[in-house]
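I have placed the structure first, in the form of structure tokens, so that the comments after it can refer back to it.
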There are 2 protein chains.
Amino acid sequence: MTRQEATHAQRIPLNRDRVLRAAVVLADAIGIEALSMRRLAQELDVVPMALYKHVANKEELLDGMADAVVGEVDPPAAGPDWQRVVRDRILSARRALLRHPWAARVIESRTGPTPAVLAYLDSMAGTFRGGGLSADLTHHVMHAMGSRLLGFSQELFDTSASAASAGPPDPALAAAYPHIAELASTAAHDGGTTPNGGCDDQFEFEFALDLLLNGFETLRREGWTSTRTP
Amino acid sequence: MTRQEATHAQRIPLNRDRVLRAAVVLADAIGIEALSMRRLAQELDVVPMALYKHVANKEELLDGMADAVVGEVDPPAAGPDWQRVVRDRILSARRALLRHPWAARVIESRTGPTPAVLAYLDSMAGTFRGGGLSADLTHHVMHAMGSRLLGFSQELFDTSASAASAGPPDPALAAAYPHIAELASTAAHDGGTTPNGGCDDQFEFEFALDLLLNGFETLRREGWTSTRTP
DNA sequence: ACCTGAACACCGTTCAAGT
DNA sequence: ACCTGAACACCGTTCAAGT
């Protein structure tokens with residue numbers, strides 16, 4: 001009996017869940033740009049067209065992958081402090097995104113929100129409302145948070161992969177961009193406990209998150225409404 | 001003389017600038033996902049390989065397109081009020097992104113910052129420093145702003161294209177996502193001057209922007225440093 | 001009725017043949 | 001030396017032929 005035949009004999013029948021889980025694992029391993037229907041089929045030991053039984057097309061596959069990652073986010077903790085509940089959940093979402101580096105890009109590329117994302121956003125809106133924010137304020141707060149609600153860093157570039165973080169600063173670059181050079185050197189002096197060239201991504205994320213949450217709480221306390229400007 | 005020959009006779013020689021400008025115009029017209037080297041070459045009436053004389057590969061083409069859009073952003077206005085200078089420039093960047101709907105996605109997909117982006121960020125850092133923010137605070141402020149510095153809305157989905165904005169609310173969806181339904185209905189009552197189902201993207205953008213800028217100003221006034229938490 | 005291999009209409013890019 | 005058409009190694013997806 002050849003290896004091929006043995007594999008065929010003990011093959012578990014495909015289903016949507018197995019397809020999606022395999023896609024997530026494969027994207028983690030080889031990157032989202034290398035994930036193709038053909039490559040995924042090969043990994044599952046089936047002919048490419050077999051995937052189309054469980055997924056209408058590649059877009060639907062990506063939808064399912066996005067929902068799988070969002071499904072990894074912790075449910076909201078019970079507690080009286082809405083800022084704490086929101087903060088903890090967003091940090092959980094951030095950890096999910098860090099486990100799957102392709103996920104942020106895939107979620108963002110969906111043309112509309114998937115069911116799991118809608119459920120997540122609905123739950124988040126409920127936490128704000130339960131914390132005493134008006135429907136009006138909650139609406140604008142949700143928009144202001146945007147993708148940060150799902151743990152997106154919203155940075156322009158991945159600083160850990162940046163050239164600035166590897167080795168000593170380039171004098172030519174420092175001359176061309178003096179203010180950026182100043183910020184980079186300031187960060188490097190910043191205690192020295194940071195692993196890369198000086199940017200602690202977790203600190204930057206929490207800095208922005210807390211600034212926003214504190215801003216929201218101030219508006220709530222002041223009874224802000226959209227008829228007045230912030 | 002055929003049309004083909006006439007076109008060939010009066011052909012302007014290609015150069016990098018003409019290639020990039022044509023790519024921007026073409027992406028505006030047919031969308032970034034339809035922009036291929038082959039399609040661009042056809043538009044310029046040259047053989048596909050001719051493009052590779054002026055651009056190393058497609059990634060470099062996209063780099064150039066990103067820089068072309070960033071180059072459309074107004075230079076910083078002179079003025080004593082740093083919040084005003086930053087605000088006006090970011091709103092100019094936002095208008096540039098709205099003129100080229102593909103640009104945000106392309107800029108985000110660059111693996112590192114392009115020269116025009118570096119120059120822009122350097123200039124922005126200079127405005128913060130000139131406004132009296134410490135190098136330490138400026139560093140964290142730049143991270144907290146992230147892609148918003150370049151006018152990115154940072155929303156999860158384009159609300160104007162959302163199904164929620166077209167027609168009356170779906171009762172089934174409202175039952176599944178009650179808090180989201182509440183926010184949508186609140187927005188719809190919100191004066192009634194908004195063009196779509198209730199979300200004024202410009203208002204939401206400025207709300208978040210001003211919240212952040214005001215937060216930064218408060219930290220500056222308080223003499224915040226990263227050794228203390230916000 | 002079901003499955004699936006070949007085919008279609010594309011990609012970005014390499015490369016060698018032609019001028 | 002330069003230009004360029006054909007070719008390569010891929011895509012996602014259609015479709016018809018085979019069982």
Side-chain angles (χ1 to χ4, degrees), chain A residues 2-16 18-20 22-24 26-27 29-66 102 105-106 108-112 114, chain B residues 2-16 18-20 22-24 26-27 29-66 102 105-106 108-112 114:
Chain A
T2 67
R3 189 194 152 279
Q4 198 78 307
E5 284 168 327
T7 308
H8 186 277
Q10 67 194 32
R11 175 142 67 213
I12 306 151
L14 270 191
N15 57 49
R16 195 166 199 276
R18 231 164 66 80
V19 170
L20 295 181
V24 167
L26 188 58
I30 67 173
I32 193 70
E33 71 289 338
L35 179 85
S36 68
M37 298 296 278
R38 292 165 124 104
R39 183 77 174 74
L40 176 59
Q42 175 191 313
E43 202 71 16
L44 286 164
D45 223 345
V46 298
V47 75
M49 282 312 296
L51 298 176
Y52 287 81
K53 274 251 133 54
H54 308 99
V55 136
N57 47 41
K58 192 179 185 182
E59 286 301 298
E60 199 181 293
L61 177 78
L62 293 172
D63 282 348
M65 293 171 70
W102 47 268
R105 197 178 296 273
V106 167
E108 224 164 12
S109 72
R110 302 305 82 209
T111 51
T114 55
Chain B
T2 69
R3 190 194 150 278
Q4 198 78 307
E5 283 167 329
T7 308
H8 186 277
Q10 67 195 33
R11 175 142 67 212
I12 306 151
L14 269 192
N15 58 49
R16 195 167 200 277
R18 230 164 68 79
V19 169
L20 294 181
V24 166
L26 188 58
I30 67 174
I32 193 69
E33 70 289 338
L35 179 84
S36 68
M37 298 296 279
R38 292 165 124 106
R39 183 78 175 73
L40 176 59
Q42 177 190 312
E43 202 71 15
L44 286 164
D45 223 346
V46 299
V47 75
M49 283 312 297
L51 299 177
Y52 287 81
K53 274 251 134 58
H54 308 99
V55 136
N57 47 41
K58 193 179 184 181
E59 287 301 297
E60 201 181 291
L61 177 79
L62 294 173
D63 282 348
M65 293 171 70
W102 47 268
R105 197 178 296 272
V106 167
E108 224 164 11
S109 73
R110 303 304 81 210
T111 51
T114 55

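Because the structure is a prediction, the values reported are computed rather than measured. In what follows, chains are A, B, ... by sequence order, proteins preceding strands, each numbered from 1. Note: hydrogens, waters and symmetry copies are ignored here, and every other heavy atom, side chains too, is used.
- Ion pairing between A:Arg105 and A:Glu33 fails under the 4.0 Å rule for side-chain N and carboxylate O.
- Each of B:Val55, B:Leu51, B:Val46 was scored for a side chain to side chain contact (heavy atoms under 4.5 Å, CB included) with B:Leu40, with one residue passing: B:Leu51.
- Nearest heavy atoms, B:Val106 versus B:Ala66: CG1-CB, 4.3 Å.
- Whole-Å rounding puts the A:Glu33 CD to D:dC11 P distance at 12 Å.
- Taking atom CZ of residue B:Arg38 and atom C1' of nucleotide D:dG5, one finds them 11 Å apart after rounding to whole Å.
- Minimum interatomic distance between B:Ala27 and B:Leu35 (heavy atoms only, all atoms of both residues): N-CD1, 4.3 Å.
- The nearest whole Å value for the distance from the CZ atom in A:Arg39 to the P atom in D:dG12 is 12 Å.
- What you find for B:Pro48 and B:Ala41 is that their closest heavy atoms are CA-CB, 3.5 Å.
- Considering only the side chain of B:Val47, D:dT4 comes nearest among D:dG12, C:dG5, D:dT4.
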> Can you give the dot-bracket line for DNA chain D, using ( ) for pairs inside the strand, [ ] for pairs that cross earlier ones, | for pairs with another strand and . for unpaired bases, where Watson-Crick and G-U count if both distances are under 3.5 Å?
Replying inline: ||.|||||...|||||.||
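- Atoms CD (A:Gln42) and C1' (D:dC11) sit 14 Å apart, rounded to a whole Å.
- The stretch residues 48-61 of chain B touches DNA chain C through B:Met49, B:Tyr52, B:Asn57, B:Lys58, each having a heavy atom under 4.0 angstrom from the strand.
- Considering every non-hydrogen atom in both B:Asn15 and B:Arg18, the closest pair reads OD1-N, 2.8 Å.
- Minimum interatomic distance between A:Met37 and A:Leu61 (heavy atoms only, all atoms of both residues): SD-CD2, 4.0 Å.
- To the nearest angstrom, C1' of D:dC11 lies 17 Å from CE of B:Met37.
- Across all their heavy atoms, A:Asn57 and A:Tyr52 have their closest contact at CA-CE2, 4.0 Å.
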